[in-house]
Visitor: 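Please see the structure below; I have some questions.
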2 protein chains.
Amino acid sequence: MVKITDVARHAGVSPSTVSYALSGKRPISEETRQRIEASIRELGYRPHAGARALASSRSNVLALVVPLRAGIHVPVVMQFAVSVVTAARRNDHDVLLLTQEEGEEGLRRVADTALVDALIVMDVQLHDARLPLLRALDRPSVLIGFPAAADGLTCIDLDFKAAGELCVERLAGLGHRVVALVGSPPEVYVRGTAFAQRVVEGFTAAAHRNGLSSSVHPCEASPAAARRIAEQLLREHPALTGVVVHNEPVLEPLIDAFEQLGLRVPGDLSVTAICPDEVAEGLRVPVTSIALPSAEVGARAVELLMRKLDGADVPGATLLAPRLTERASTAPRNAP
Amino acid sequence: MVKITDVARHAGVSPSTVSYALSGKRPISEETRQRIEASIRELGYRPHAGARALASSRSNVLALVVPLRAGIHVPVVMQFAVSVVTAARRNDHDVLLLTQEEGEEGLRRVADTALVDALIVMDVQLHDARLPLLRALDRPSVLIGFPAAADGLTCIDLDFKAAGELCVERLAGLGHRVVALVGSPPEVYVRGTAFAQRVVEGFTAAAHRNGLSSSVHPCEASPAAARRIAEQLLREHPALTGVVVHNEPVLEPLIDAFEQLGLRVPGDLSVTAICPDEVAEGLRVPVTSIALPSAEVGARAVELLMRKLDGADVPGATLLAPRLTERASTAPRNAP
DNA sequence: TTCCCCCGTCGAAGCGCTTCGACGTCACGC
DNA sequence: GCGTGACGTCGAAGCGCTTCGACGGGGGAA
């Protein structure tokens with residue numbers, strides 16, 4: 001193994017000079033730097049990660065905690081992980097993969113052993129058991145998602161309120177006057193993550209702002225429940241022409257139910273959804289939708305962490321603007 | 001930060017004794033060990049990963065290189081990654097996530113900086129550019145998949161030949177006498193990974209062994225191609241009642257085509273496939289299939305690596321036995 | 001011209017751990 | 001009864017890097 005002293009000898013300088021040339025933490029003359037760089041290339045020198053970590057108390061590794069829960073859309077997680085790795089590499093860091101399964105103990109382990117400099121935690125719950133630990137840890141972290149109490153934490157997520165608004169704005173723009181939100185299962189509003197409520201807020205606010213008649217309907221994640229909601233909507237809101245769906249598993253059965261009840265999508269009914277692109281695209285009628293921008297979330301999360309590692313202050317909350325992808329499920333309202 | 005000297009002082013022993021108590025590399029009296037363990041708990045001691053890596057030249061981290069190519073089934077990759085992490089943790093190791101994108105440079109970097117002790121490389125191609133590097137690296141690796149020349153490497157994968165056989169055996173057991181293999185696109189047999197050929201070998205061997213009439217049909221990954229193949233099969237092999245499909249994207253259109261041509265699955269035609277469970281389950285007619293056992297591959301890959309790290313010899317090739325999951329697409333042949 | 005300071009470099013002191021050789025003690029065999 | 005190991009523990013020497021203080025030399029300000 002070639003080490004820094006070998007490079008130093010070869011370049012005719014001291015080891016510390018090589019170190020400074022590499023890190024840029026002290027000025028080194030152009031000429032000397034050139035010579036050192038040449039030696040490094042010639043000898044094929046690579047600094048030993050462990051030694052570097054020990055001396056500098058920086059491992060240049062980030063931990064990424066990925067969820068395993070059922071109901072998590074796997075391709076989204078993967079896409080996110082890849083974007084984190086890519087962004088980390090751009091910042092000269094590597095990524096250590098942890099599973100939710102390891103729990104708090106895993107977080108504490110990698111932090112306390114100084115294996116990682118910072119942590120990214122996905123799939124944060126409203127009352128996540130890891131929050132106190134994350135606050136107490138001596139290394140920075142970024143959470144994907146917003147817990148109930150986010151004080152002292154740095155969180156990032158899609159701006160679900162804006163997403164709810166955007167869905168409505170789109171429908172309003174197409175001339176729809178009566179809209180409904182088919183939301184997550186009731187229990188999600190009670191104990192899930194906060195995003196469900198935020199969608200409702202945005203939906204309702206935008207509907208009012210646009211003078212639309214609107215209603216909100218939590219919905220179990222079953223085809224039968226979808227069917228029931230569809231019937232109820234037609235019964236109670238016969239003038240309904242726009243639906244926003246924030247409930248992935250229900251999306252397909254719901255559209256099926258509407259069509260069986262004689263409503264064509266998008267002919268009679270326009271549908272927008274908040275769901276992963278894969279889901280929206282995989283349906284018989286591809287659905288106009290807003291996806292969690294996983295690549296952007298990953299990149300931004302890493303950037304936040306880098307700033308924190310640099311000792312900079314970062315905003316506690318980062319909300320990413322929703323982007324709506326137009327597909328086949330939306331159309332202008334039929335002239336009455 | 002509490003360090004080993006703190007523990008030593010607290011327990012009234014020397015640092016080296018603490019180290020030996022932890023590693024078990026030298027005998028320590030029961031009583032002393034108890035005392036040390038109590039001190040560790042009381043002080044909340046965690047060995048510093050960097051220091052440990054430097055002193056022992058073992059980082060206890062494995063690299064996992066995941067593919068990004070289009071056409072890779074993401075949930076399978078994820079499942080695999082999770083099983084690697086789980087198995088690694090069981091062996092007191094962590095997992096560093098690398099993307100294919102980083103290429104050879106990435107492998108070299110994590111190996112040469114001693115960031116990782118060993119590597120797992122997914123999605124190995126027949127003539128993978130990384131093979132020479134992997135051979136030259138001073139740390140052990142395990143490849144998922146078999147390249148053309150696997151000498152000097154350790155590889156693991158589903159036994160695709162046995163999988164081809166198993167599909168045929170199953171059909172033969174149900175009384176089918178005329179079978180066909182709808183395989184991968186032609187180019188895969190030329191430059192892809194070796195598994196496509198092995199399926200053909202197994203398919204053919206088992207068909208002969210069972211005295212079946214059989215034929216093999218490479219197939220482009222398009223619905224049109226599927227349709228063409230279906231028509232061709234009916235024309236050329238009117239007595240056909242069993243089909244093995246080794247071509248994920250074609251599976252659904254092929255079954256559709258058969259049904260449009262008047263053949264019910266499984267009434268008139270039994271279908272078995274080699275594809276991920278998610279794909280097999282997601283079809284209108286859930287398909288009896290053999291999946292790549294990703295969880296098992298992950299666990300076994302880690303075990304192989306552990307043995308290599310221990311200096312033990314391991315087999316160059318590990319073939320995992322296929323397991324066929326019975327679903328709705330297979331039935332006994334109709335009495336003629 | 002003199003003083004000061006900054007630039008570029010060096011030497012040495014760790015960072016926290018593992019590991020090797022050494023040493024005292026005790027039990028056992030002859 | 002003494003030699004001989006094995007056992008249990010210690011001390012010290014690194015592992016390869018970063019970083020701090022120091023120092024010589026040169027340029028600008030006074």
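Lettering of chains follows the sequences in order, A, B, ..., and the numbering in each one begins at 1.
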Visitor: Can a side-chain donor-acceptor contact be found between Thr86(A) and Ser83(A) if the only test is distance below 3.5 angstrom?
Guide: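 The answer is no; no qualifying pair exists.
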
Visitor: According to a strict under-4.0 Å criterion, is Lys25(A) in side-chain N/O contact with OP1 or OP2 of dT18(D)?
Guide: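 No, no such contact exists.
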
Visitor: Within this structure, what is the CZ-to-P distance between Arg46(A) and dC17(D), rounded to whole angstrom?
Guide: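 In whole Å, dC17(D) P and Arg46(A) CZ are 13 Å from each other.
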
Visitor: Atom CD1 of Ile4(A) and atom C1' of dA13(C): how far apart are they, to the nearest Å?
Guide: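 To the nearest whole Å, that distance equals 15 Å.
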
Visitor: Would you indicate whether the side-chain heavy atoms of Val84(B) and Met122(B) approach each other to under 4.5 Å?
Guide: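 SC-SC contact between Met122(B) and Val84(B) ruled out.
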
Visitor: Report the distance from atom NE2 of His48(B) to atom P of dC17(D), rounded to the nearest whole Å.
Guide: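 Atom NE2 in His48(B) sits about 16 Å away from atom P in dC17(D).
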
Visitor: Measure from CD on Glu31(B) to P on dG8(D) and round the result to the nearest Å.
Guide: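 These atoms are roughly 11 Å apart.
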
Visitor: Any salt bridge linking Arg46(A) with Glu105(B)? Criterion: basic side-chain nitrogen under 4.0 Å from a carboxylate oxygen.
Guide: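 Yes.
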
Visitor: Expressed as a whole number of angstroms, how long is the span from Arg35(A):CZ to dT9(C):P?
Guide: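 It is 8 Å, rounded to the nearest whole Å.
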
Visitor: Is any side-chain heavy atom of Val121(A) closer than 4.5 Å to one of Leu134(A)?
Guide: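 Yes. Closest side-chain heavy atoms under 4.5 Å.
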
Visitor: May I ask you to decide whether Asp151(A) forms a salt bridge with Arg135(A), counting only side-chain N to carboxylate O separations under 4.0 Å?
Guide: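 Between Arg135(A) and Asp151(A) there is a salt bridge, with a charged N closer than 4.0 Å to a carboxylate O.
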
Visitor: Base, sugar-phosphate or nothing for Pro47(A)? Non-hydrogen atoms, less than 4.0 Å.
Guide: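 Answer is sugar-phosphate: Pro47(A) comes under 4.0 Å of backbone atoms only.
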
Visitor: Just checking Thr32(A): base, sugar-phosphate only, or nothing, at a heavy-atom cut-off of under 4.0 Å?
Guide: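 Thr32(A): backbone/sugar contact only, no base atoms under 4.0 Å.
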
Visitor: When you measure from every atom of DNA chain D, which of residues 11-23 of chain A have a heavy atom less than 4.0 Å away?
Guide: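 Output list: Ser16(A), Ser19(A), Tyr20(A).
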
Visitor: Let me spell it out: for each of Pro27(B) and Ala51(A), pick the nucleotide of DNA chain D with the closest heavy atom. Which residue's pick is nearer the 5' end?
Guide: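 Looking at the nearest nucleotide for each, Pro27(B) comes out on the 5' side.
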
Visitor: In whole angstroms, how far is the P atom of dC7(C) from the CZ atom of Arg33(A)?
Guide: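 Distance, rounded to whole Å: 14 Å.
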
Visitor: Can you tell me if the side-chain N/O atoms of Thr5(B) get under 4.0 Å from OP1 or OP2 in dC17(C)?
Guide: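 Negative; the distance criterion is not met.
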
Visitor: Would you mind reading off the distance between Leu54(A) atom CG and dG14(C) atom P, rounded to a whole angstrom?
Guide: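 Leu54(A) atom CG is separated from dG14(C) atom P by 14 Å.
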
Visitor: Salt bridge between Arg109(B) and Glu102(B), side-chain N to carboxylate O under 4.0 Å?
Guide: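 A salt bridge is present here (some side-chain N lies under 4.0 Å from a carboxylate O).
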
Visitor: When you match Glu30(B) and Ser56(B) each to their closest nucleotide on DNA chain D, which lands nearer the 5' end?
Guide: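 Closest to the 5' end, via its nearest nucleotide, is Glu30(B).
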
Visitor: Looking at Asp6(A) and Arg9(A), does any basic side-chain N land under 4.0 Å from a carboxylate oxygen?
Guide: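 Arg9(A) and Asp6(A): salt-bridged.
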
Visitor: Hey, are Arg35(B) and Glu42(B) close enough for a salt bridge, meaning a charged N less than 4.0 Å from a carboxylate O?
Guide: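 Not counted as a salt bridge, because no side-chain N and carboxylate O are separated by less than 4.0 Å.
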
Visitor: Round to the nearest Å and state the distance from Arg52(A) atom CZ to dC17(C) atom P.
Guide: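 Nearest whole value for this atom pair: 21 Å.
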
Visitor: The criterion is side chain to side chain donor-acceptor pair (under 3.5 Å); which residues satisfy it with Thr318(A), sequence neighbours excluded?
Guide: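 Thr318(A) satisfies side chain to side chain donor-acceptor pair (under 3.5 Å) with no residue once adjacent residues are dropped.
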
Visitor: If you restrict it to nitrogen or oxygen atoms, what contacts under 3.5 Å exist between nucleotides 22-28 of chain D and the protein, and what is each distance?
Guide:
from: dA22(D); atom 1: N6; to: Arg26(A); atom 2: NH1; distance (Å): 3.3

